[in-house]
Amino acid sequence: MNNRKNTEAERLTFWEKMYIPEIARGLGITLRQMFKPKDFVRQYPEQRWEPTGSFRGRPVLVEEDGGERCVACGLCARVCPALAIEVQAGETPREKERYPEKFEINMLRCIFCSYCEEVCPEEAIVMSKDYEIVYTSPQEAILGKDELLVPKAKLQDRLEFLRQYK
Amino acid sequence: MPQFEFDGQLIETKPGKTIIEAAYDNGLSVPHFCWHPELPVAGNCRMCLVQVGMPAKDREGNFELDENGNKKINFIPKLQIACASPVQDGMVVKSVSDEAIEAQEAVMEFLLINHPLDCPICDEAGECKLQEYSFKHSKGQSRFDEEKNHKRKRQLWGPNVVFDAERCISCSRCIRFAKEVAKQDVLTFVQRGDHVTIELFDGTTFDSPYSMNVIDICPVGALTSPDFRFEARVWELSSNESISHFDGTGTNVYLGVRNNEILRITPRNNMYVNKYWIRDDARLSYDFVNKNRVTQPLINNNGTLEEANWEDAVSFAASKLDNFRGDQIVFVASSKATNEDNYIFNKFANEISKTQNVIYFTHTDETRIDDLLGVSDITPNTKGVEELNIGKESKIKPNDLAEKLKNGEIRAMYVMEEDFEDYPEILEQLKNLSFLAVHSYNMNKKINHYADIVFPASTFAEIEGTFTNLNGRVQHFTPALVTKENYRFMGMKMSRLDKFGADNDRWTNHEIRDSKQSWKIIQKIAKKLGEDWNYTKSSQVFDEISQNNPSFSDMDYKKLDEYQGLVLGKGNNPDAKQVNYISHYLKPQQTQKVVKFKG
Amino acid sequence: MSDLTFTLIEFGIKAAIIINIVLVMASVEVYLERKISAWIQNRVGPNRVGPMGLLQPIADVVKLFMKEDLVPKAAFQGFHRLAPLLTLAVAIGVYAVIPYAHYVNIGERTVYWGIAPNINIGVLFILAMTSIGVYGITLAGWASNSKYSLLGGLRSAAQMISYELSMGLSLLGVILIAGTLSLNEIILFQRDGWYGLRWMVFLQPVGFLIFLVSSFAETNRTPFDLPEAEPELVGGYNTEYSGMKFGMFFLAEYANMATASAFLSLLYFGGWSLPFPEFWDSIGLIEGTWSRALLQFGSFFVKLMIFIVFFIWVRWTVPRFRYDQLMNLGWKVLLPLSIINLFVTASVIIFFGL
């Protein structure tokens with residue numbers, strides 16, 4: 001044990017090595033905590049938390065002028081480390097010829113890393129403030145375009161945040 | 001042999017070669033857009049600007065030396081294009097000097113001024129030459145902050161080509177291809193300056209059978225295929241080397257696969273077969289692999305085909321085939337099947353059913369003949385079947401099969417990967433048979449209704465094997481699609497999405513078919529009949545062919561891959577390896593193979 | 001009716017009451033555990049189900065009942081099912097010998113509080129039953145056919161064996177002094193002297209500490225909860241259990257905690273005995289009356305609860321031991337210490353008498 005010089009164990013005093021007084025001290029600390037006021041607790045369903053723009057909630061698609069901004073380039077699907085996104089492109093007569101015929105996010109796979117948002121060249125997929133994400137079946141957790149599209153006005157905070165920090 | 005110095009490397013080349021050709025022959029590259037080895041030099045993209053100079057000589061003809069004792073080089077004051085400058089002995093070329101790099105970056109900046117940068121929309125993204133060069137040869141910044149030029153999008157040039165004028169960088173590869181290779185001179189530049197665009201001559205369409213090759217050679221996404229347009233991102237596809245199943249030329253192809261479906265076929269270089277090209281009909285001939293497949297063995301139960309498991313199907317077929325020997329039974333081999341399948345089929349007929357009656361049918365389309373890649377044969381392996389001596393000793397000839405069927409001389413038939421769609425007179429007489437076994441790809445073939453048993457045969461995209469093209473070139477290919485049979489070892493060849501998808505993911509809901517390679521089906525039946533056949537891989541069958549058949553001697557899969565195919569009878573004397581120029585390619589699955597040119 | 005019938009009815013009623021008390025105690029402990037842990041961590045704790053969240057344990061049990069009961073394919077089915085039953089049965093069985101109060105006289109009968117509090121091998125019975133408890137856990141670990149479960153089960157076995165030694169040796173001091181293995185007689189010894197305060201904790205302080213530490217280890221409570229160490233072993237021996245099977249382990253753990261608390265208060269803090277017994281006699285609450293018995297039960301219950309709260313309090317204060325530390329403490333510290341304690345006790349009794 002010669003190589004164990006100056007370790008934590010060696011720096012302990014006799015009483016600390018006796019262990020029991022230290023445990024008593026620890027119990028004292030927790031006892032004191034017990035009677036402190038519990039100010040930090042939020043009563044969740046009644047008191048909801050409104051996240052700021054930097055919050056990464058459920059990813060959604062930006063809806064602009066009645067259609068999706070997304071051009072189905074598939075970069076989000078490529079960068080997604082959890083393979084949560086599936087995009088199938090289609091052709092439209094709009095100026096941007098390409099649109100997502102199918103855009104599905106499997107929320108059971110999603111890990112909220114926001115890589116999709118970061119890689120998106122059109123700022124079409126962003127993280128929303130939606131954090132109450134509950135499903136009753138695995139099929140329900142696969143969100144299609146109808147559930148993903150959110151009007152741009154509702155995503156102002158996040159878009160603002162991205163403009164500033166991305 | 002002129003010798004010249006390219007970026008400090010001494011290169012020997014043939015007289016008359018240009019700098020860019022000499023560089024590619026030696027595994028080096030010069031950035032370029034418009035140059036293509038099979039097309040005439042246009043020199044209009046200016047991307048391949050290099051510094052060219054000659055060593056200075058004094059009046060006596062001695063080299064002038066600088067203070068360090070090196071040769072003094074007199075460079076041409078202006079940069080030269082490497083694609084149009086022939087090599088001279090002693091020439092010095094610099095493609096990575098400051099001046100050359102500045103010029104290349106300037107060209108890139110000019111090209112990107114009016115290029116729309118709509119890569120997220122563009123189908124070419126991921127295998128785009130301009131995209132690649134903006135990483136390699138561009139500053140990544142533009143000083144241009146005015147409005148970009150807008151041109152007409154979505155112009156249909158022909159049935160198979162869509163042109164987006166905005167994305168065009170005016171390299172003129174398509175114009176030269178149409179004129180020189182497709183021999184359909186319908187394209188031309190119109191307008192000038194930044195308004196320049198490519199148009200068809202009035203009243204013409206670009207409908208040559210080779211028209212879709214312009215999509216491959218276009219360095220940007222200006223030309224796209226209506227067939228594949230917005231179908232998938234190229235990086236979602238797995239790119240598998242294969243041989244075209246459509247005709248007898250043996251065109252080398254890549255199969256782009258996602259979700260266990262072929263989504264596109266693109267040509268693969270083979271200078272001895274198809275060079276850089278593929279016919280449009282061959283390119284678009286993948287539907288039979290994706291759709292309407294026989295996925296399970298089917299047994300005919302009083303007129304309806306019922307799904308059966310393999311064990312039952314093989315026992316049924318074996319018990320029936322056991323009843324017919326010699327002249328009662330005819331085996332129909334197929335020029336659509338591989339050499340291996342046909343060899344085992346023939347062996348089964350000769351050794352187990354004791355018959356020489358093995359025949360095959362040809363399928364031709366005379367309208368396809370031209371002097372580039374068009375041949376009348378629309379099956380991939382006619383030459384191979386012929387070379388395996390199939391049908392040579394048969395008492396029944398293909399021509400009198402219908403007759404013999406009609407008068408009941410033939411009681412049973414075993415048909416491998418042949419559908420008789422081109423021979424309605426035979427189809428009609430099949431009802432006279434007391435037993436018919438069929439290996440079939442698709443459900444919608446008429447022959448299935450006459451069959452007592454239908455085995456699901458794997459198509460060329462699902463198996464390993466060899467085809468022999470009409471010039472006698474034996475070419476090896478490996479599976480691209482997953483079947484239950486090859487699921488285990490296909491893992492790493494699948495596209496990323498398929499590789500990592502789980503059962504509960506919607507995007508990997510691909511159909512995994514329970515089809516098998518024909519020779520494996522035949523071996524199962526042979527085993528049932530007590531034969532001791534133990535081939536486990538196609539390569540074992542091919543090795544046996546190469547031992548027994550002098551035409552195939554000295555061939556094996558490794559060698560076939562190395563030399564991109566070997567000609568029959570020349571197994572020990574392969575054609576020289578050729579320089580494999582790839583203009584732009586899908587990264588990272590498909591890597592550029594640069595072979596050093598020798599001789 | 002014969003005497004035997006009376007006895008059977010009496011014991012039946014007692015057993016029913018005691019099992020109910022054990023299960024209710026377990027849910028009270030769960031509630032306390034959640035509340036105290038919350039307070040220690042500056043949280044509020046359960047406050048949704050019922051007033052102040054008092055019905056939370058019931059909701060928990062309902063949840064456990066409703067859950068799907070998953071059994072791994074590769075598990076040894078029979079043993080996988082047996083393990084939680086064994087653990088719970090043993091945990092509840094111990095209560096047969098625990099005295100809750102002294103006795104009451106109903107007519108001519110003397111009814112003792114407890115099923116068999118006067119049995120002359122009470123201490124031995126408890127030790128024996130708690131040692132069987134380890135079989136349940138080891139069996140669960142082995143039968144689950146999972147690496148985490150197996151490691152948890154093995155750890156549990158090793159831990160139990162190591163700490164049972166020092167636990168038993170430290171107990172011997174108490175038994176030497178009291179001269180009996182009957183729990184009621186040990187309590188009577190503690191009552192009869194020093195104004196009812198001749199508690200063993202004053203006679204055997206070192207033995208008490210060793211026993212306290214060992215009972216933490218025996219009940220798999222932090223800092224000795226290595227068999228189910230969540231960060232390392234997922235859930236230890238109960239990784240592959242769900243639904244009410246998991247619930248049984250859960251109940252057994254809390255029942256064991258109550259057993260340990262009861263044992264500690266019986267052996268070292270006088271159990272049901274009331275201090276100053278003469279005072280209670282003088283005001284008319286003599287032995288055998290219901291009021292005296294209820295007071296005694298109150299005394300026992302208060303001590304029991306104090307220990308339970310102490311168990312919980314320690315759990316949320318002290319971190320888990322490392323495996324080698326656990327073994328060092330058991331074999332190199334507690335075992336020698338308990339042997340020395342035994343020798344000193346024995347010497348004092350021989351040379352000075354008691």
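No experiment lies behind these values; they were computed from the predicted model shown. Just so we're on the same page: letters track the sequence lines, and every chain starts at 1.
At most 12 non-hydrogen atoms from other residues, nucleotides or ligands lie less than 6.0 angstrom from OH of A/Tyr165. The number of heavy atoms from other shown groups lying within 6.0 Å of CD (A/Glu95) does not exceed 12. Other residues, nucleotides and ligands contribute more than 12 heavy atoms inside 6.0 Å of the CZ atom of A/Phe112. Residue C/Lys67 qualifies as open at atom NZ: its count of foreign heavy atoms under 6.0 Å is 12 or below. Within a 6.0 Å sphere centred on OH of A/Tyr135, other residues, nucleotides and ligands contribute more than 12 heavy atoms.
Taking chain C as the reference chain and counting heavy-atom pairs below 4.5 Å, the highest number among A/Leu27, A/Leu31, A/Val41, A/Asp39 is found for A/Leu27.
Donor-acceptor pairing under 3.5 Å is lacking for the side chains of A/Thr30 and C/Trp316.
Within the 4.5 angstrom heavy-atom criterion, no atom of C/Val213 approaches chain A.
Atoms CZ and CD, on C/Arg43 and A/Gln33 in that order, are 12.5 Å from each other to the nearest 0.5 Å.
The shortest non-hydrogen separation linking C/Trp313 to A/Met34 is CD1-CE, 3.8 Å.
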